[in-house]
Each structure stands twice: as C-alpha cells, then as structure tokens.
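Every chain is numbered from 1, with letters handed out A, B, ... down the list of sequences.
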2 protein chains.
Amino acid sequence: MPVERCLAKRKFIDFLRRRKLRVTAQRRAIIDSAFETEEHFTAEQLLLWSRRRDASVSRATVYRTLPLLTASGLVREMDLGRDHKFYDPNYSDHPNHSHIICLDCNRIVEFDSEDIKKLARRMSRKLGFSLRTHRLQIVGSCDLLKRLGVCARQKPS
Amino acid sequence: MPVERCLAKRKFIDFLRRRKLRVTAQRRAIIDSAFETEEHFTAEQLLLWSRRRDASVSRATVYRTLPLLTASGLVREMDLGRDHKFYDPNYSDHPNHSHIICLDCNRIVEFDSEDIKKLARRMSRKLGFSLRTHRLQIVGSCDLLKRLGVCARQKPS
DNA sequence: ATCAATGCAAATAATTTGCAAAAAG
DNA sequence: CTTTTTGCAAATTATTTGCATTGAT
C-alpha cells in the first residue's frame, strides 16, 4: 500500500479521536478498504470489501461511516447522476472537480483545470454569486477505440 | 402565456402524433402545466399543477410522461445532486449547460458559456475522448445579500 | 373495434433510522 | 460504568411496474 494511503488512514483515525468518536473493528475494516483502492467505489462495493476483512460489518455501519469519511475531507462524494453515489478516496491527494464519464468504457476520468476554475469564478461573480464549489461533468466517448470495436479500457457497470 | 410556450406545446403534441402516441386529457393537463411555468419543476410539482387542471391525473402518468417530454427535446432533465430531479421547460429556447445553485436562496440560475464549451471540448480531446455533453455545476452564495441578513431572492425547498 | 394509456397498489432500490444489545474508552 | 456504536429489520423516498380497465383513434 502506498505511503499516502497509510497517511490517509492515520489522518482519519486522528479525525475520529479529535471528535471523540470510537475506533471500532468495523470502522477499521471500512477505513482499510476505502483507502486500499485507487478507484472510485460505491457504498455496496465498500461493504463487500469491508466484509472480506471483517464479516460482521453491516450495511448500516458502512452508510453511517461514509458521511464521516466525507466530513473528514479525505474522501469526496461524487454524484454523477446515476442511481448510486460514488466515493473518491484520493481526493485529499488530488482534489479534482471535473470528470469525464465515458459512454463506451463506463470509465470515470478525473482531472482539474485552473482555467475552468477561473472561468467558474468569473461567471459566478458576473451573476452575483461567490463561488463555493464547482464541478464540470463531461459525457464523452473514446471514438478512436470505438472504431476498433470495443473500448480497450472497458469496464462493467 | 408567451408565444414560445404555446409553440412548445404544439411541438410536443406533434411529437406525440409522429410517434402515434395518444393525446389524452391527462397528457394535456401535464403538458399545459409543464409549459406554463418559466421555472424548473420537480415531478411532484408537476403532478400538483396537473391535478389542478384535471384531478384524475395520477402520479404514475406524470412519471410516464416525463420521459416523453425529455425525449422530445423540449424539456431537459437536470440532476443537481439532490434526492429528486428537476426539469427545465425552457430548454429548447435557451439550451443551458451550466447552473449556479445558491446556498442562501436555494435558487438555480442557468447560463451557458461558449468559453466553457470550448474548454470542455479541449480537455476531452486531450484526455482521449470526444465530447458528447457537458455540464458545469457551481455552488455559490449571494454574499452581498447575505450580509444584509437574508437573501432577497430567497425561496423555500 | 383496436391497442395505447390510465389509475391503483405493490415493487424497486438506495439510503436512513429505531432500538435493544455489544463494545470502546 | 458510561456512552457510543453496532446489527437487524423496518421505514423512507423517489421512481417504476403489473394489471385490469378506460378511452383515443
């Protein structure tokens, strides 16, 4: 496991302690699972991974821990307009506000752009608001690969 | 009622006829309600308005008509990361891909920007995709008005 | 007459919650 | 010991669907 993930785990445990919340076995299993992956995950996936580490983890505990993870700032909740939310455990390392969702491979590519940030800020000002957050969602397709038949990076779901 | 809205209604009825779908009393009530407003609405709001015109309109029919409205291109479905979707009946007049959601007044301001479109296209290309759609969501606050106490444009929900 | 469209109530599906029992500090 | 956390099952909430009946063409 990369160093940053260990660090993230430690940071989250500190976050719990600071708030006088308890570091239970179930929370450990969930934290370990969340920061083990480099990928986005759903609540259901997190439940599965956590149960591999500790079979006693319940769906309710996962759903109760997720808001703590996002409140700590170490995990970012992403609503991509699907029926379930995604969670990004890399957020504190690489804060991304833009996603490309590929229609072909169903992949989510994240990036951030200073230009978009500036543009968003400028537009907000112009319309009488001050920017708190912004997110750009792009739906696209890997047309080059589609011509070859299937997208090489194809993923299920 | 402004001319464009009448036009939109007519266009939608044409859309139904072209597909050999029937123009029922319930659908009329729903269409009239949808194109009467200048505002975004939810499925629940549309049901309420439609029932004012025709008490027989059921929630199921509203939910079955909404996909037709969006398929026609006259209404745009907006997922703003809340628990319910919003629908924009002005979409064909003013196609907007960007929203500012105000934390203070809970208002949704729409706009579109050629710059953002270009930027999105450029970023997609750079990352190996071709853009299909894009949307920019900005969460902001009207800080000027907040200093005065409450936002003058404040809305419930 | 046809066959699409309706209302109703039951079904989904993701997430939330009440509660008594278990465990952390 | 006190208070938080847990698992379970039931509740919520927006939306969808099956089905017998109604209604547009």
Side-chain angles (χ1 to χ4, degrees), chain A residues 12-34 40-72 75-87 157, chain B residues 12-34 40-72 75-87 157:
Chain A
F12 184 66
I13 290 176
D14 286 350
F15 169 87
L16 291 178
R17 294 231 164 93
R18 241 175 292 122
R19 298 203 169 190
K20 309 228 181 299
L21 299 173
R22 290 170 187 181
V23 182
T24 64
Q26 290 86 344
R27 281 183 180 159
R28 275 186 202 284
I30 293 169
I31 301 162
D32 285 350
S33 304
H40 308 321
F41 53 82
T42 62
E44 197 60 27
Q45 282 166 351
L46 186 55
L47 172 65
L48 251 69
W49 296 335
S50 303
R51 278 188 169 162
R52 254 184 239 154
R53 296 190 136 86
D54 180 342
S56 81
V57 175
S58 75
R59 185 170 281 106
T61 298
V62 167
Y63 276 108
R64 281 190 274 234
T65 305
L66 245 6
L68 295 175
L69 284 165
T70 58
S72 75
V75 171
R76 149 64 82 98
E77 184 185 288
M78 306 190 310
D79 192 323
L80 300 175
R82 310 210 180 173
D83 47 357
H84 48 273
K85 284 168 188 150
F86 285 88
Y87 296 88
S157 165
Chain B
F12 184 65
I13 289 175
D14 287 349
F15 170 87
L16 291 178
R17 295 230 162 93
R18 242 176 291 121
R19 299 204 168 187
K20 309 224 182 300
L21 299 173
R22 291 169 186 179
V23 182
T24 63
Q26 290 87 344
R27 280 183 181 161
R28 276 186 203 284
I30 293 168
I31 301 163
D32 285 350
S33 304
H40 308 321
F41 54 82
T42 62
E44 197 61 26
Q45 281 167 350
L46 186 57
L47 172 66
L48 251 70
W49 295 334
S50 304
R51 279 189 168 159
R52 254 184 239 154
R53 296 190 137 86
D54 179 342
S56 81
V57 175
S58 74
R59 185 169 280 108
T61 298
V62 168
Y63 276 108
R64 281 189 275 235
T65 305
L66 246 6
L68 295 174
L69 285 164
T70 58
S72 76
V75 171
R76 150 66 81 98
E77 183 185 291
M78 306 189 311
D79 190 324
L80 299 175
R82 310 209 182 177
D83 47 359
H84 48 274
K85 285 168 186 149
F86 286 87
Y87 296 89
S157 166

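Here the C1' atom of nucleotide dT16(D) and the CG atom of Leu47(B) are 15 Å apart, to the nearest Å. What separates CG of Leu16(B) from C1' of dT25(D) is a distance of 14 Å, to the nearest Å. The interatomic distance linking Glu44(B) (CD) with dT13(D) (P) rounds to 12 Å, in whole Å. Distance, Gln26(B) CD to dA4(C) C1': 12 Å, rounded to whole Å. Rounded to whole Å, atom P of dT4(D) lies 17 Å from atom CZ of Arg17(A). Computed from coordinates, the Glu77(A) CD to dT16(C) C1' distance equals 14 Å when rounded to whole Å. Atom CD in Gln45(A) sits about 14 Å away from atom C1' in dA14(C), given to the nearest Å. A straight line from NZ of Lys20(A) to P of dT2(D) spans 19 Å, rounded to a whole angstrom.
Remark: the backbone N or O of Leu47(A) is not paired with any side-chain donor or acceptor of Arg59(A) at under 3.5 angstrom. In this structure a side-chain-to-backbone donor-acceptor pair under 3.5 Å is present from Thr65(A) to Thr61(A).
Arg27(A) has a side-chain polar atom (N or O) that falls below the 4.0 Å cut-off from OP1 or OP2 of dT6(D). Residue Thr61(A) places no side-chain N or O under 4.0 Å from the OP1 or OP2 atom of dT5(D). Between Thr24(B) and the phosphate of dT6(C), there is a side-chain N or O to OP1/OP2 separation shorter than 4.0 Å.
Residue Asp83(A) places its side chain closer to dA14(C) than to any other of dT6(C), dG7(D), dA14(C).
Residues Asp54(A) and Ala29(A) come closest through the heavy atom pair CB-CB, 3.8 Å.
Along DNA chain D, the nucleotide closest to Tyr63(B) and the one closest to Arg28(B) are compared, and the more 5′ of them pairs with Tyr63(B). Nearest-nucleotide positions on DNA chain D place Ala60(A) closer to the 5' end than the other of Ala60(A) and Arg59(B). In this structure, Leu21(B) and Arg51(B) both approach DNA chain C, and ranking their closest nucleotides by distance from the 5' end singles out Leu21(B).
Interface remark: the Arg64(A) side chain does form a donor-acceptor pair with the dG7(D) base, using a distance-only criterion of under 3.5 Å. For a distance-only test at 3.5 Å, the side chain of Arg22(A) qualifies as a donor-acceptor partner of the base of dT3(D).
Note: Phe12(A) and Phe15(A) have parallel aromatic rings, judged against thresholds of 30 and 60 degrees for the angle between ring planes. Using cut-offs of 30° and 60° on the angle between ring planes, the pair Trp49(B) and Phe41(B) is perpendicular.
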